[in-house]
**Q** 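The structure under discussion is supplied below as structure tokens; questions concerning it will follow.
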Amino acid sequence: MCGIVGYLGKRKAYPVLINGLKRLEYRGYDSAGVAMINDQGQLNVYKTKGKVSDLEAYASDKDLTGTVGIAHTRWATHGEPNSVNAHPHFSASGNLAIIHNGIIENYAVLKKQLMEKGVEFKSNTDTEVLIQLIEYIQTSKHTDLLTAVRMALHTVIGAYAIAVLDRNNPDQIIAARKSSPLVVGIGEDEFFLGSDASPIIEYTKKVIYLDDKDIAIIRRGEDVKIVDFYNEELKHDVTEVALDLAQIEKGGYPHFMLKEINEQPDCLMDCMSGRVNVDVNNVVLSAVIDHRQRLVDARRFIIVACGTSWHAGLIGKQLIEDICHVPCEVEYASEFRYRNPVINSTDVVIAISQSGETADTLAAVELAKQKGAFIYGICNAIGSSIPRATHTGSYIHVGPEIGVASTKAFTGQVTVLTMLALALGKERGTIDQQKYVNLLHELHDIPEKMKTLLQQCTDNIHEIAKIFTYARNFLYLGRGYNYPVALEGALKLKEISYIHAEGYPAAEMKHGPIALIDEEMPVVVVATKNVLYEKVLSNIQEIKARHARVIALVNEGDETIKRMADAVIELPQTQECLEPLLATIPLQLMAYFIAVCKGKDVDQPRNLAKSVTVE
Ligand code: G6P
């Protein structure tokens with residue numbers, strides 16, 4: 001939920017830390033801070049409420065010298081977002097500073113114990129408890145910092161990625177992780193730390209992804225050393241990151257979200273590259289080849305995910321049941337992990353996560369693994385925790401997604417789920433050859449259709465957005481494959497425009513939401529020409545009879561709905577199960593333009609974070 005950065009080397013640390021925080025701001029942006037040991041050996045901490053730009057303004061007249069430092073951008077969990085609760089936090093003596101991403105769950109007990117021993121606290125955070133505990137161990141047991149960190153981490157319960165700076169040891173940073181991501185970058189005589197590789201790649205492509213319960217000791221003039229909590233040295237491979245700077249910058253668009261919406265045709269081509277082969281009429285996923293028997297023998301699939309990824313999961317369920325003829329359940333990871341689910345060794349659990357770090361999804365994976373299921377990950381962030389915890393999986397390969405509201409990751413996830421259903425359906429013998437070939441060709445053509453759709457609908461949607469900006473509530477309806485599209489459209493709108501919006505299966509409208517419908521409540525209806533078209537048509541009539549305005553997503557040339565709806569967005573024709581890949585695009589754009597019209601911060605909406613590494 002928070003972003004952490006560290007630097008130790010030959011450059012001035014401050015610009016590296018600030019640039020790094022800007023790259024990680026998607027993880028949280030309610031306060032930010034930096035700690036550096038200056039050229040005179042003093043430990044300076046500057047922190048403020050607000051965004052990284054506020055920190056820059058605040059620090060502009062301060063002493064910014066020094067070649068070692070740590071920095072943090074926060075998404076508040078304990079203690080309100082203000083400059084006192086912002087990280088870094090000091091120990092009582094002021095010798096140690098810490099940054100932390102995660103939650104120390106037993107902080108209240110530890111705080112009470114430390115207060116009884118006379119330790120005074122300045123903030124309400126769990127993080128300050130950890131640094132005070134480290135210092136208390138260091139002084140009371142006369143240990144070095146590494147030993148104190150190890151002992152403290154034995155005591156705390158929770159999730160963390162931390163970095164600790166010590167005024168008395170200015171050539172060292174100690175970092176550790178458990179259940180929150182942390183990456184060490186290795187340059188020429190310099191080291192970097194980041195919650196992901198994005199703050200690091202402009203300096204070096206060589207990184208080590210730390211595992212749970214790793215402690216990294218970074219010292220000037222030495223190789224990085226990694227030990228476990230018992231001080232046993234661990235060997236880690238240095239990985240080459242295949243990410244370049246252009247991928248994580250805005251590239252001329254006013255917002256990352258608009259860039260990412262428009263990237264989708266190219267992203268889906270990348271996602272399908274080498275997997276969907278139209279020349280030989282084949283869909284290949286290496287995970288399905290490597291684990292063919294296990295997947296063919298599966299008696300049930302269970303998809304676990306959160307947020308937008310959960311919506312992709314709802315589409316995956318229909319694909320798997322339609323094409324592979326095997327039962328598939330979809331669960332919120334947060335519910336699944338706490339309800340003692342019945343899992344058999346013949347179950348396959350599919351974990352979907354853009355970031356690969358969502359705490360609830362990761363916990364659901366661990367639980368399902370303990371219970372003997374086979375785990376398949378569908379993730380975007382390469383090398384993140386979920387892909388490392390699963391037995392196999394397929395990356396969606398859509399590149400870094402920076403806008404907090406997920407767009408291209410959703411269509412990437414649906415594309416992988418479609419390929420998975422096709423590859424598996426073929427192995428299971430549940431899809432006939434003609435249908436398989438038709439679907440794979442249609443899937444292959446989706447990026448082209450998406451490109452045309454983006455060109456044709458963007459201006460129209462901008463105009464529609466201007467008209468509906470002042471609505472206070474929205475209802476989104478869809479059926480079958482388009483029901484999750486309605487949910488996702490509503491989620492996008494509420495996330496970035498703060499307009500209340502609900503998604504419903506269209507037929508359920510009669511069982512409640514219809515009571516809300518009047519001229520003040522616009523209704524977005526996904527009404528493509530599929531088997532349920534006539535039924536959705538009746539829904540539109542019912543809505544119009546109650547004087548609400550209808551924004552309809554229809555297939556090109558649908559004159560019937562054009563006559564009934566107040567605004568119409570035309571979608572290219574495709575197979576029913578692929579419609580979500582197209583229908584989602586206008587809804588992403590509509591949410592985007594409404595939020596822009598309302599002057600909202602599209603890329604960093606209030607109270608949200610891109611990567612939810614806490615429960
Ligand atoms: C947060 C993000 C959502 C995302 C969800 C799940 O709530 O704001 O956009 O869908 O987490 O994240 P994941 O990385 O697991 O897909």
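Remember, it's a predicted structure, so these values are computed and weren't measured experimentally. This chain uses plain numbering: 1 for the first residue, then up along the sequence. All ligand and atom numbering here is 1-based and tracks the order in the structure.
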**Q** Looking only at heavy atoms, what is the nearest atom pair of V52 and E25, with distance?
**A**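 V52 and E25 have their closest heavy atoms at N-OE2, 2.8 Å.
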**Q** Please identify each residue that fulfils side-chain hydrogen bond (donor to acceptor under 3.5 Å, both in side chains) with N106, with sequence neighbours left out.
**A**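 Once residues adjacent in sequence are excluded, N106 has no partner under the side-chain hydrogen bond (donor to acceptor under 3.5 Å, both in side chains) criterion.
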**Q** Could you label the plane-to-plane angle of the H391 and F374 rings as parallel, tilted or perpendicular, counting under 30° as parallel and over 60° as perpendicular?
**A** parallel
**Q** Once you restrict both partners to nitrogen or oxygen, which atoms of ligand 1 have a protein partner under 3.5 Å, and how far apart are they?
**A**
residue  : atom   : partner : partner atom : Å
ligand 1 : 8 (O)  : A609    : O            : 3.0
ligand 1 : 9 (O)  : V404    : O            : 3.4
ligand 1 : 10 (O) : T308    : N            : 3.0
ligand 1 : 12 (O) : T358    : OG1          : 3.3
ligand 1 : 14 (O) : S353    : OG           : 3.3
ligand 1 : 14 (O) : Q354    : N            : 3.3
ligand 1 : 14 (O) : S355    : N            : 2.7
ligand 1 : 14 (O) : S355    : OG           : 2.6
ligand 1 : 14 (O) : T358    : OG1          : 3.4
ligand 1 : 15 (O) : S353    : OG           : 2.6
ligand 1 : 15 (O) : T358    : OG1          : 2.4
ligand 1 : 16 (O) : S309    : OG           : 2.5
ligand 1 : 16 (O) : Q354    : N            : 2.7

**Q** Do any N or O atoms from the side chain of K492 and from the backbone of Y592 form a donor-acceptor pair under 3.5 angstrom?
**A**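 Not at all, since once roles are kept as given, no pair shorter than 3.5 Å links the two residues.
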**Q** I'd like to know if the side chain of N85 and the backbone of N82 have a donor-acceptor N/O pair within less than 3.5 Å.
**A**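 Not at all, since once roles are kept as given, no pair shorter than 3.5 Å links the two residues.
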**Q** Applying the salt bridge (charged side-chain N to carboxylate O under 4.0 Å, His left out) test to K51, which of D30, D603, D601 qualifies?
**A**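 When D30, D603, D601 are each tested with K51, the salt bridge (charged side-chain N to carboxylate O under 4.0 Å, His left out) holds only for D601.
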